[in-house]
Novice: 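Got a structure here, written out as structure tokens. Questions coming.
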There are 2 protein chains.
Amino acid sequence: MKRNTWQREAVRGALGANDGFISAQALHSALHSTGSPIGLATVYRALADLAVKGDADSLQSPEGESLYRACSTNDHHHHLICRNCGLTVEIEADAVETWAKDVAAQNGFTQAAHVVDVFGLCTACTAQAAASAR
Amino acid sequence: MKRNTWQREAVRGALGANDGFISAQALHSALHSTGSPIGLATVYRALADLAVKGDADSLQSPEGESLYRACSTNDHHHHLICRNCGLTVEIEADAVETWAKDVAAQNGFTQAAHVVDVFGLCTACTAQAAASAR
DNA sequence: GCCCTGTTGATAATGATTGTCAAAACCATT
DNA sequence: AATGGTTTTGACAATCATTATCAACAGGGC
């Protein structure tokens, strides 16, 4: 049976209080800075649980860290990420969902998961890049 | 000044000879198995150089490894990857291409690149998993 | 061939993540 | 409120990919 502990609530709360994606390590130190004695391993476990239950989503930063964030909707969705400033926009992609499922099924694959993320430069960073290139 | 070494050519060749994404570690052992005494650090450096020059693409696998593939600008496609045995199937995704471009443009993003890959269990591994779960 | 400088590679170092396991916490039940 | 069976925790060790180090080496212009 799953039990409710203050540690899990703390992680869930800290995630929700944060706007963008945050690393497990950063979340752990954020919790520590508020006086919480929660352990690092526990933060990792809580995040993994949240991700499995669909209450959080995760992605890999270009540097290879796992980043997490509270899921604003229960729906499965994807992200448009600025590769310069990290700004993240949630995007709906029903068409892609069904496409991924279909293409997997057509090739005999089961348990299809997919990685669909779009990286680019947001408006601000595009302007900035243009300015510095000048 | 950049120098031409057989090591860099070996890495470029091995990447090109491979269809899907491959990890730096796997590429290194593949090279070793052909008798090449190339060092692991050199493989990492060569891959980083290729990625910077735009001759290779990289993405993070769900497990956190960095995967690389030769960048064939004239033949952009995606992959259906068995998470158990590594079998890779190339998939066409014109619909996804245009979708990615559109969604980026709609949000003011420029220089849109996208990571679109589907992970699942291939027919053989699905059967195997079912058998061992029994 | 010589010399200067970029490159290599064995190994150590780094840093995130996961495994271990005894102690503590949870919660249904008494 | 006390008990007891189980889950969870957390300090620490272990693991794994990747990066840094640095002396030895090789490319290429002279």
Side-chain angles (χ1 to χ4, degrees), chain A residues 1-15 18 20-53 55-69 86 113 115, chain B residues 1-15 18 20-53 55-69 81 83-84 86 115 117 119:
Chain A
M1 184 209 299
K2 279 285 182 196
R3 292 174 183 172
N4 296 329
T5 63
W6 64 265
Q7 285 95 336
R8 267 197 254 270
E9 287 309 314
V11 170
R12 183 193 298 271
L15 244 203
N18 194 290
F21 282 89
I22 187 171
S23 71
Q25 306 269 348
L27 200 57
H28 177 238
S29 22
L31 282 164
H32 261 201
S33 73
T34 67
S36 170
I38 193 171
L40 178 57
T42 304
V43 173
Y44 275 99
R45 280 186 292 242
L47 285 174
D49 284 350
L50 288 174
V52 166
K53 284 201 308 178
D55 289 340
D57 43 36
S58 66
L59 65 81
Q60 309 274 338
S61 79
E63 290 75 31
E65 277 180 289
S66 287
L67 303 182
Y68 295 87
R69 158 177 127 140
V115 176
Chain B
M1 184 209 301
K2 282 283 182 196
R3 289 174 184 170
N4 297 328
T5 63
W6 63 265
Q7 286 97 336
R8 267 197 255 270
E9 287 308 315
V11 170
R12 184 194 298 270
L15 244 203
N18 193 290
F21 282 90
I22 187 171
S23 71
Q25 307 269 348
L27 199 57
H28 177 237
S29 20
L31 282 164
H32 260 201
S33 73
T34 67
S36 169
I38 192 171
L40 177 58
T42 305
V43 174
Y44 275 99
R45 278 186 294 242
L47 285 173
D49 284 351
L50 288 174
V52 166
K53 284 201 308 177
D55 288 341
D57 268 343
S58 67
L59 67 80
Q60 309 275 340
S61 78
E63 290 75 32
E65 278 180 288
S66 286
L67 304 181
Y68 296 87
R69 76 170 172 187
I81 305 158
R83 72 165 66 91
N84 183 247
V115 174
D117 286 290
F119 292 82

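Bear in mind that the values here come from a model prediction, so they are computed numbers and not experimental data. So that the names make sense, note that chain A is the first sequence line, chain B the second, and so on, each numbered from 1.
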Novice: Heavy atoms from C-beta onward define the side chain here; which of C:dT8, D:dT18, C:dG6 lies closest to that of B:Glu65?
Specialist: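 So the nucleotide nearest the side chain must be D:dT18.
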Novice: The side chain of A:Trp6 lies closest to which of these nucleotides: C:dC4, D:dG10, C:dG9?
Specialist: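 Out of C:dC4, D:dG10, C:dG9, the nucleotide with an atom closest to A:Trp6's side chain is D:dG10.
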Novice: Looking at CD1 of A:Ile22 and CD of A:Glu65, how far apart are the two atoms once the value is rounded to the nearest 0.5 Å?
Specialist: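 Nearest 0.5 Å value for the CD1-CD distance: 10.5 Å.
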Novice: CG/B:Asp49 to CZ/B:Arg8 distance, rounded to the nearest 0.5 angstrom?
Specialist: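 Separation between the atoms: 5.0 Å.
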Novice: Please state whether the base of C:dG19 and the side chain of A:Arg45 form at least one donor-acceptor pair under 3.5 Å?
Specialist: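 By the distance-only test, no, there is no pair.
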Novice: I want to check one thing: is the phosphate of C:dA25, taken as OP1 and OP2, less than 4.0 Å away from some side-chain N or O of A:Gln7?
Specialist: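 Answer is no, no contact under 4.0 Å.
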Novice: Would you tell me if any nitrogen or oxygen in the side chain of A:Thr5 comes within less than 4.0 Å of OP1 or OP2 on D:dT9?
Specialist: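 Affirmative; the distance criterion is met.
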Novice: Measure the distance from OH on A:Tyr68 to P on C:dA16 and round it to the nearest whole Å.
Specialist: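 About 13 Å, once rounded to whole Å.
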Novice: D:dT9 P sits how many Å from A:Leu47 CG, rounded?
Specialist: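 In whole Å, D:dT9 P and A:Leu47 CG are 12 Å from each other.
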Novice: Please report, rounded to the nearest Å, how far the C1' atom of C:dA10 is from the CD1 atom of B:Ile38.
Specialist: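 B:Ile38 atom CD1 is separated from C:dA10 atom C1' by 14 Å.
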Novice: C:dT7 C1' sits how many Å from B:Glu9 CD, rounded?
Specialist: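 Roughly 14 Å, once rounded to whole Å.
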Novice: To the nearest Å, give me how far apart CD (B:Gln25) and P (D:dT15) are.
Specialist: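 Rounded to the whole Å, the gap is 16 Å.
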Novice: Rounded off to whole Å, could you give me the NE2-to-P distance for the A:His28 and D:dT9 pair?
Specialist: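 In whole Å, D:dT9 P lies 13 Å from A:His28 NE2.
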Novice: Within less than 4.0 Å of OP1 or OP2 of C:dT7, is there a side-chain N or O belonging to B:Arg8?
Specialist: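 B:Arg8 to C:dT7 OP1/OP2: side-chain N or O found under 4.0 Å.
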Novice: Within this structure, what is the CG-to-P distance between B:Leu27 and D:dA17, rounded to whole angstrom?
Specialist: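 So the CG-P distance, B:Leu27 to D:dA17, works out to 14 Å.
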Novice: Which of the following nucleotides, C:dT17, C:dT8, D:dT9, is nearest to the side chain of A:Thr42?
Specialist: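 Output: D:dT9.
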Novice: Expressed as a whole number of angstroms, how long is the span from B:Leu67:CG to D:dA17:P?
Specialist: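 In whole Å, D:dA17 P lies 12 Å from B:Leu67 CG.
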Novice: Side chain of B:Leu40 only, heavy atoms from C-beta on: which candidate in D:dT18, C:dG9, C:dA16 is closest?
Specialist: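 Of D:dT18, C:dG9, C:dA16, D:dT18 is nearest to the side chain of B:Leu40.
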Novice: Determine all donor-acceptor pairs shorter than 3.5 Å in which one atom belongs to a side chain in residues 34-45 of chain B; sequence neighbours excluded.
Specialist:
{"residue": "B:Thr34", "atom": "OG1", "partner": "B:Leu31", "partner atom": "O", "Å": "2.6"}
{"residue": "B:Ser36", "atom": "OG", "partner": "B:Ile38", "partner atom": "N", "Å": "3.3"}
{"residue": "B:Tyr44", "atom": "OH", "partner": "B:Gln25", "partner atom": "NE2", "Å": "2.9"}

Novice: Counting side-chain heavy atoms from CB outward, which of C:dC27, D:dG27, D:dT18 is closest to B:Arg3?
Specialist: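 Per side-chain heavy atoms of B:Arg3, the pick is D:dG27.
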Novice: On the nucleotide C:dA16, are OP1 or OP2 found under 4.0 Å from the side-chain N or O atoms that A:Ser23 carries?
Specialist: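 Negative; the distance criterion is not met.
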Novice: For a quick test of reading the model: is some side-chain N or O of A:Tyr44 closer than 4.0 Å to OP1 or OP2 of C:dT17?
Specialist: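 So the side chain of A:Tyr44 is within the cut-off, an N or O lying under 4.0 Å from OP1 or OP2 of C:dT17.
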Novice: CG/B:Leu27 to CG/B:Asn18 distance, rounded to the nearest 0.5 angstrom?
Specialist: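 Reported value, rounded in 0.5 Å steps: 7.5 Å.
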